[in-house]
Trainee: 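This is the structure, below, for whatever I ask next.
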Amino acid sequence: MNLLAELRQRFAAALESLEPGTVELAEMVLPSKDAKHGDYQANCAMPLGKRLKQPPREIAQQLVDRLEVSDLCEPPEIAGPGFINLRIQDTWLTEQLQATLSDKSQLGVTPVAEPRTFVLDYSSPNVAKPMHVGHIRSTVIGAALYRVLKQLGHRVISDNHIGDWGTQFGMIIYGYKHFVDEAALAEAMVPELSRLYKLVSQLVDYHATRSQKIPDIEQKINEVVARLEEMHDATELEHDKDRKKAAKKLRQAEGQLVDLRKTLDSLRRTVAVVDDDPALAALAAEHSKIGAAVLAETAALHVGDATNKALWDRFLPACLAEIDATYERLGVTFDHALGESFYHDRLAGVVEDLTARELVEESDGAKCVFLDGHQAPFIVQKQDGAFLYATTDLATVQYRLEEWKPDAIIYVVDHRQSLHFEQLFATLRLWARDGMKEIELQHVSFGTVLGEDGKPYKTRSGSAVGLTGLLDEAVERAHKIVCENDDARDESYGGPFLSADERQQVAQRIGIGAIKYADLAHNRTSDYVFSYDKMLAMNGNTATYMQYSYARVRSIFGKGDVDLVALRTGGASLRLEEVQERALGLALVQFSEALSRVAADYRPNHLTTYLFDLASKYSSFFENCPVLKAEDDVTRDSRLLLCDLTARTLARGLELLGIETVERM
RNA sequence: CCACCCGUAGCUCAGUGGAUAGAGCAAGCGGUUCCUAACCGCUAGGUCGCAGGUUCGAUCCCUGCCGGGUGGACCA
């Protein structure tokens, strides 16, 4: 049961009987921050007192008089200016926990009364390009939301909108036609395709950098230098304010200049890499029009060129399998993976339909949807007739509405695309006004993964950090920590107890878990600094700490030779006597609330916060309340039941986040 | 220039229209004849960027400013 929701309902009834039309004040029932104010508190008497022009404490009293919570709470207390403090009855808590013990699948989480249908769009990698650090957040957050919404009883459809129809495939096709090593391709398709992609992309980049990017930057540098000279002349201004402004602009321009020069250096290095390698330099000279040629291969694929389509058909399965291998490691699955290519033949229809409904205007030869409040239009077809990702996204929504009739479509995509989604949603609302079903559309955005220098996490050479290598390193570091800890295990605890195989498996789960957890524990809207040391730390809000808590609970069952099934069905009663027991019991009951919070604003960090709190409370309990050596059998059984629920709740919570547990570590 | 996001302890980050703003790390102190010390407890550390406003009450909402990031017609 969702205790908070229940209390709010009780308050809603009391509010309605006291003053009709005030039920929304029931939202002001909240968990107390400080245990000395009880378990929950209602803060609605103050605003209501204001509205009714009566002293808030009197209103509080009237509310309490009308409030029916005698089955749940101790008599409510009124404190301070009119806070109503609620303490849950121990008997109610124990009954609830006792019921949860036999509630195998739900752990006290009651399914929502009105299930909704969600389409969840996350991960969306490009085939051919290896997955990198930028894909973690979307994948991990999306998968967690998928599981949490499902646990709450919603119908959820995950759809991986794979980039399988873009320029990167043109690169592979071009690479195949000019540079392929057939033997290598027959031997192992993906590594050879990957080599081709990298080679072509390097050559394209080389030419673009030489002929476009470097001159552009050089010109910008000249402009900034010229501006700087003007600014130096302008520092002798009369007003303080003007001088300050000028000084700021100067600083900014200087900073900009430094950045530009750094960029220029790195561009020159990318050119030098090719120039310094005779073989590469020769290829570059030979393929001087490679950029345009790649686009032509892509365009040919799009218009149905038989050769290119055949190559696409041949290569795509291997590329998808490669991506699936990463998902396998991450434990992520999808109900559907309808890539961009799937919508290819619907794009023209989308533009036609928008045109027929007079939503499209032509501007500079491009077909655009002009939107209120936006400077730039949403372009659905380019001058040259080609469609864009805007068109694909519209077609995708259209398909999803037809196929799944969802109540909500959720996009887990990084914050840099927020403008695109604003425009997409605005366009869809225009479309909805005229025949399309209106639904909840959410851009669940997230911040950038930063390096320890506070800049986007990159390799030293400036390229994106590959996801595979990232996972490998986390596992490797975890393995080292696991070994060190086990080796250091004191003889009084029986010395090291993990076999080499076990150490390996534990390292896998801890390493991968650490990366996922670090990602999920941060508020998704902010950027966060990626640090192996922090995410693998044994203390604090980390996966390791949670997994350790779980392993410690489980070891009690092992040591005590406890038959859990017999324990659960044996009629032992659960009691909450010590403060640590009660705190743990209350936390266990609140699992359902934590999940509701996650669903309310699509933020998994509410669940990590909850689990960290639960694990902390378990640690206090563990420290203060002996289980196997409890003073009597009744206490022992009661505590074993608490341990059982803790272990199951931790495991379930982590499972929903996509994190595996271990029995020993 | 415009739009959006961010600014909380030395560091990394939570948090909320409510009572004395939290955690981990780092610093200091204490705890292991006892179920995993990968732990627990305690101390210290803050003008919640600045200034106004709304409110019984603001770190949270509004306005302005300062500082940082991101985006801004035919890439995705």
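Here is how names work: the chains are called A, B, and so on, in the same order as the sequence lines, proteins then strands, and each is numbered from 1. Because the structure is a prediction, the values reported are computed rather than measured.
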Trainee: Return the nucleotide paired to B:U43: Watson-Crick means purine N1 to pyrimidine N3 with N6-O4 or O6-N4, wobble means G-U with N1-O2 and O6-N3, both under 3.5 Å.
Mentor: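 When the pairing criteria are applied, B:A27 turns out to be the nucleotide that pairs with B:U43.
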Trainee: Between A:Tyr545 and A:Tyr548, is the gap from one ring center to the other below 6.0 Å?
Mentor: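 No - the distance between ring centres of A:Tyr545 and A:Tyr548 does not fall below the 6.0 Å cut-off.
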Trainee: Do any side-chain nitrogens or oxygens of A:Asn539 fall under 4.0 Å of OP1 or OP2 in B:C25?
Mentor: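 For B:C25, OP1 or OP2 has a side-chain N or O of A:Asn539 closer than 4.0 Å.
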Trainee: State whether the aromatic ring of A:His37 stacks on the base of B:A19, taking stacking to mean ring centres under 5.5 Å apart and ring planes under 30° to each other.
Mentor: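 By the stated criterion, A:His37 and B:A19 stack.
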Trainee: Just by distance, with hydrogens left out, do A:Thr635 and A:Asp632 show a side-chain donor and acceptor under 3.5 Å apart?
Mentor: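 Indeed, the side chains of A:Thr635 and A:Asp632 share at least one donor-acceptor pair under 3.5 Å.
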Trainee: Can you see whether A:Tyr389 engages A:Glu340 through a side-chain donor-acceptor pair at a distance of less than 3.5 angstrom?
Mentor: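 No, A:Glu340 and A:Tyr389 have no side-chain donor paired with an acceptor closer than 3.5 Å.
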Trainee: Closest to the A:Leu419 side chain: B:A76, B:U12, B:G72?
Mentor: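 Nearest listed nucleotide: B:G72.
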Trainee: Mind calculating the distance between CZ (A:Phe387) and P (B:A76) to the nearest angstrom?
Mentor: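 Those two atoms, CZ and P, are 12 Å apart.
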Trainee: Are the ring of A:Phe83 and the six-membered base ring of B:A19 within the stacking cut-offs of under 5.5 Å and under 30°?
Mentor: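 Base of B:A19: stacked against A:Phe83.
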Trainee: Could you measure between the two P atoms, the one in B:A58 and the one in B:C29, and give it in whole Å?
Mentor: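 So the two P atoms sit 40 Å from each other.
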Trainee: Taking only the C1' atom of each, what is the distance from B:C42 to B:G15 in whole angstrom?
Mentor: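 Between the two C1' atoms, the distance is 24 Å.
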Trainee: Quick check on B:A37: is either OP1 or OP2 less than 4.0 Å from any side-chain nitrogen or oxygen of A:Arg552?
Mentor: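 For A:Arg552, the contact criterion (side-chain N or O under 4.0 Å from OP1 or OP2 of B:A37) is met.
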Trainee: Indicate, with a heavy-atom threshold strictly under 4.0 Å, whether A:Gln41 touches base, sugar-phosphate, or nothing.
Mentor: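 Since a base atom lies under 4.0 Å of A:Gln41, the category is base.
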Trainee: Suppose you measure atom P in B:G46 against the same atom in B:G22; what distance do you get, rounded to whole Å?
Mentor: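 To the nearest whole Å, 14 Å.
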Trainee: What integer number of Å spans the C1' atoms of B:G17 and B:A23?
Mentor: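 Between the two C1' atoms, the distance is 23 Å.
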Trainee: Both distances below 3.5 Å, Watson-Crick or wobble geometry, any strand: find the nucleotide opposite B:G22.
Mentor: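 B:G22 is paired with B:C13.
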Trainee: Does a nitrogen or oxygen in the side chain of A:Thr167 sit under 4.0 Å from OP1 or OP2 of B:A76?
Mentor: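 No, A:Thr167 has no side-chain N/O under 4.0 Å of OP1/OP2 on B:A76.
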Trainee: May I ask you to verify if any side-chain N or O of A:Asn126 is less than 4.0 angstrom from the OP1 or OP2 atom of B:A76?
Mentor: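 Indeed not, no polar side-chain atom of A:Asn126 lies that close.
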Trainee: Taking OP1 and OP2 of B:C40, is either one under 4.0 Å from a side-chain nitrogen or oxygen of A:Ser619?
Mentor: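 For A:Ser619, the contact criterion (side-chain N or O under 4.0 Å from OP1 or OP2 of B:C40) is met.
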Trainee: Grab the CG-P distance between A:Leu584 and B:C40 for me, whole Å please.
Mentor: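 Checked: the CG to P distance equals 14 Å.
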Trainee: B:A23 base to A:Asp613 side chain: any donor-acceptor pair below 3.5 Å?
Mentor: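 No, the side chain and the base share no sub-3.5 Å donor-acceptor pair.
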Trainee: Provide the distance between the two C1' atoms, one in B:G28 and one in B:G45, to the nearest whole Å.
Mentor: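 Nearest-Å result for B:G28 against B:G45 at atom C1': 11 Å.
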Trainee: With a 4.0 Å limit, can you tell me whether A:Ser526 has a side-chain N or O closer than that to the phosphate oxygens OP1/OP2 of B:A14?
Mentor: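 Yes, within the criterion.
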Trainee: Which whole-number value in Å describes the distance from A:Asn523 CG to B:U59 P?
Mentor: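 A:Asn523 atom CG is separated from B:U59 atom P by 20 Å.
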Trainee: Below the 4.0 Å mark, does B:G15 have OP1 or OP2 next to a side-chain nitrogen or oxygen of A:Asn605?
Mentor: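 Looking at the OP1 and OP2 atoms of B:G15, one of them is under 4.0 Å from a side-chain N or O of A:Asn605.
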Trainee: For A:Thr544, answer base if it contacts any base atom (sugar-phosphate contacts may also be present), sugar-phosphate if it contacts only those atoms, and nothing otherwise; contact means non-hydrogen atoms under 4.0 Å.
Mentor: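 Result for A:Thr544 = base.
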Trainee: Can the ring centres of A:Phe378 and A:His420 be said to be less than 6.0 Å apart?
Mentor: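 For A:Phe378 and A:His420, the ring centres are under 6.0 Å apart.
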Trainee: Suppose we call two aromatic rings close when their centres sit under 6.0 Å apart. Are A:Tyr532 and A:Phe530 close by that rule?
Mentor: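 Yes, close enough.
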Trainee: When the aromatic ring centroids of A:Tyr411 and A:His161 are compared, is their separation below 6.0 Å?
Mentor: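 No, ring centres 6.0 Å or more apart.
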Trainee: Under 4.0 Å from OP1 or OP2 of B:U36: is there any side-chain N or O of A:Lys559 that close?
Mentor: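 So the side chain of A:Lys559 is within the cut-off, an N or O lying under 4.0 Å from OP1 or OP2 of B:U36.
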Trainee: Using a cut-off of strictly less than 4.0 Å, decide whether A:Tyr545 has a side-chain nitrogen or oxygen near OP1 or OP2 of B:C40.
Mentor: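 Result: yes.
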Trainee: Does A:Arg552 make a cation-pi contact with A:Phe622 (under 6.0 Å, within 45 degrees of the axis)?
Mentor: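 Yes, a cation-pi geometry.
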Trainee: For B:U32 versus B:U20, give the span between their P atoms, rounded off to a whole number of Å.
Mentor: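 38 Å, rounded to whole Å.
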Trainee: Is B:A44 in the syn range, within 90° of 0, or in the anti range?
Mentor: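 Anti, which is what one calls it when the glycosidic angle falls more than 90° from 0.
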Trainee: For A:Lys33, answer base if it contacts any base atom (sugar-phosphate contacts may also be present), sugar-phosphate if it contacts only those atoms, and nothing otherwise; contact means non-hydrogen atoms under 4.0 Å.
Mentor: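 Sugar-phosphate only.
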